[in-house]
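What follows is a single structure, written as structure tokens, with notes after it.
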Amino acid sequence: MAQATAVPGSAHSAVAKENKKAIQARNLRTGLLFTAPALIVLAIFVFYPAIKTFITSLTSDRINRAGKFVGFDNYVKLFQSADFWTDVKNTLVYAVAYAPIVVVVALAFALLLNRKDLKFVGFFRTCMFLPFVISLTVAAIAWQFILSPSLGLVPYWIQQLTGIAHVDLLGTRETAMAAIVFITVWKNFGYFMVIFLAGLQGISAELYEAASLDGASAWQKFRYITLPALRPTFNYVVIFGLIGSFQVFDQVFILTSGGPARATETIVYRIYTEAFGNGKLGYASALSYVLLIMTLIVGLIQLYTNNKHEKEEIA
């Protein structure tokens, strides 16, 4: 009798499993159908170029002729090149200078423009964000005229204030990189400022009111309320600021062409000159993969540090 009642139960269980598998298969087909356009775009414009670039980096390909397989010779030549290490140093100097400055400037303006008692706040926010909307190429060309030693406003005012004539900020080794960092900060800080503004407006006003009742100063409110609440925003801004700093090209290409004396030549600019100037596609592809690895290392270090801080706060 027990056996007779067990058979229908097992049959019902088998039917339920088949229905569950059918539902999972249908959901999988539906998911693939909706993600297919994005996957196709990624395959064409990301995955295939990445694989093709890596294959090219293992060859002696040139623009004017097909190359042969050379293994990791391009990577060996790259690491043995003094120019490569100069490019790495310049890129790191730019990243170390640009990322902290743009974060501090963006946060400072976000705090200022988040004040309730500030008049014309919408106008000022628009003015701060406007440089980011302008094309980087157009902005670089405009700054090239502004910093021109013969026609620029900045050298003119330096001459009026200090008496030093024909100041060439972009043509001097000591000031060229600083000028590029300044221009890039001016161009991008508005974007990060808007992100910080969104984070600031997400902080409950009750926290500040409670802190005021406890007699907290403005610095204490910033230190113990604003900064902890903005940690996710900080993580986003720092990571994308660093990644963007490793990809600097347009302003270097337009303003200095890597000069003077390679003082502003970065890895991306070197990739461009090797590929389209010297025609060395294999060598340029190896450079691009080294840059990819450097960017991944920096990003992973930043993510590991952020996760470590979050775990410490939870503990």
Side-chain angles (χ1 to χ4, degrees), residues 92-134 136 139 143 177-248 251 295-315:
L92 292 176
V93 168
Y94 174 86
V96 170
Y98 165 75
I101 293 175
V102 76
V103 170
V104 172
V105 172
L107 178 59
F109 277 98
L111 291 170
L112 177 63
L113 297 180
N114 193 48
R115 294 172 59 90
K116 305 296 184 181
D117 56 345
L118 183 65
K119 296 182 179 180
F120 309 109
V121 64
F123 171 77
F124 289 119
R125 289 178 181 177
T126 302
C127 291
M128 296 299 103
F129 186 74
L130 192 60
F132 181 75
V133 180
I134 302 172
L136 182 56
W143 276 102
M177 184 62 78
I180 291 177
V181 170
F182 171 81
I183 292 169
T184 313
V185 170
W186 169 86
K187 173 72 173 63
N188 294 335
F189 85 92
Y191 168 72
F192 295 120
M193 179 199 71
V194 171
I195 296 174
F196 276 125
L197 273 172
L200 288 170
Q201 292 175 2
I203 303 175
S204 175
E206 296 177 356
L207 296 174
Y208 293 105
E209 292 174 1
S212 298
L213 293 175
D214 290 337
S217 63
W219 167 251
Q220 289 173 328
K221 293 177 184 179
F222 176 75
R223 171 67 180 84
Y224 295 105
I225 298 177
T226 305
L227 284 182
L230 287 179
R231 183 177 295 279
T233 308
F234 260 106
N235 295 341
Y236 174 87
V237 171
V238 171
I239 289 175
F240 278 84
L242 285 173
I243 291 175
S245 64
F246 278 94
Q247 299 172 351
V248 58
Q251 49 272 57
T295 307
L296 284 175
I297 291 174
V298 172
L300 291 174
I301 291 174
Q302 185 64 30
L303 288 174
Y304 171 78
T305 304
N306 295 336
N307 292 334
K308 185 178 179 181
H309 285 310
E310 290 177 359
K311 291 179 180 178
E312 290 176 352
E313 289 181 355
I314 293 174

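Numbering starts at 1 and runs along the sequence shown. Basis for what follows: all heavy atoms, side chains included, without hydrogens, waters or symmetry-related copies. Treat the numbers as computed from the prediction; the structure is a model and nothing was measured.
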List the atom of [X], the atom of [Y], and the distance in Å for their closest heavy-atom pair.
X	Y	result
Leu113	Arg125	O-NH2, 2.8 Å
Asp117	Arg115	OD2-NH2, 2.9 Å
Lys221	Ser212	NZ-OG, 2.5 Å
Ala211	Ile225	CB-CD1, 3.7 Å

* Any idea how Tyr191 and Tyr236 line up, ring-wise: parallel (<30°), tilted (30 to 60°), or perpendicular (>60°)? -> tilted
* **Phe192 and Phe189 aromatic centres sub-6.0 Å** => no
Nearest 0.5 angstrom please: [X] [atom1] to [Y] [atom2], how far?
X	Y	atom1	atom2	value
Gln201	Leu197	CD	CG	6.0 Å
Thr305	Leu300	OG1	CG	10.5 Å
Phe129	Phe109	CZ	CZ	15.0 Å
Met193	Leu111	CE	CG	11.5 Å
Phe124	Thr126	CZ	OG1	10.5 Å

Below 4.5 Å, heavy atoms only, C-beta onward: do [X] and [Y] meet side chain to side chain?
X	Y	answer
Pro228	Tyr224	no
Phe234	Leu107	yes
Lys187	Trp143	no
Ile203	Leu200	yes
Thr295	Leu242	no
Thr233	Leu230	yes
Leu92	Phe246	yes

* Asked: Where do Tyr94 and Gln251 land on the side chain to side chain contact (heavy atoms under 4.5 Å, CB included) test, with the steps shown first?
  -> CA-CA 12 Å; Tyr94 174 86; Gln251 49 272 57; 3.6 Å; yes
Only distances under 3.5 Å count here; give the side-chain donor-acceptor pairs of residues 97-106 to other protein atoms, sequence neighbours excluded, each with its distance to 0.1 Å.
residue: Tyr98; atom: OH; partner: Asn188; partner atom: ND2; Å: 3.0

* Indicate yes or no for a side-chain donor-acceptor contact from Gln302 to the backbone of Gly299 under 3.5 Å, with no hydrogens or angles considered. => no
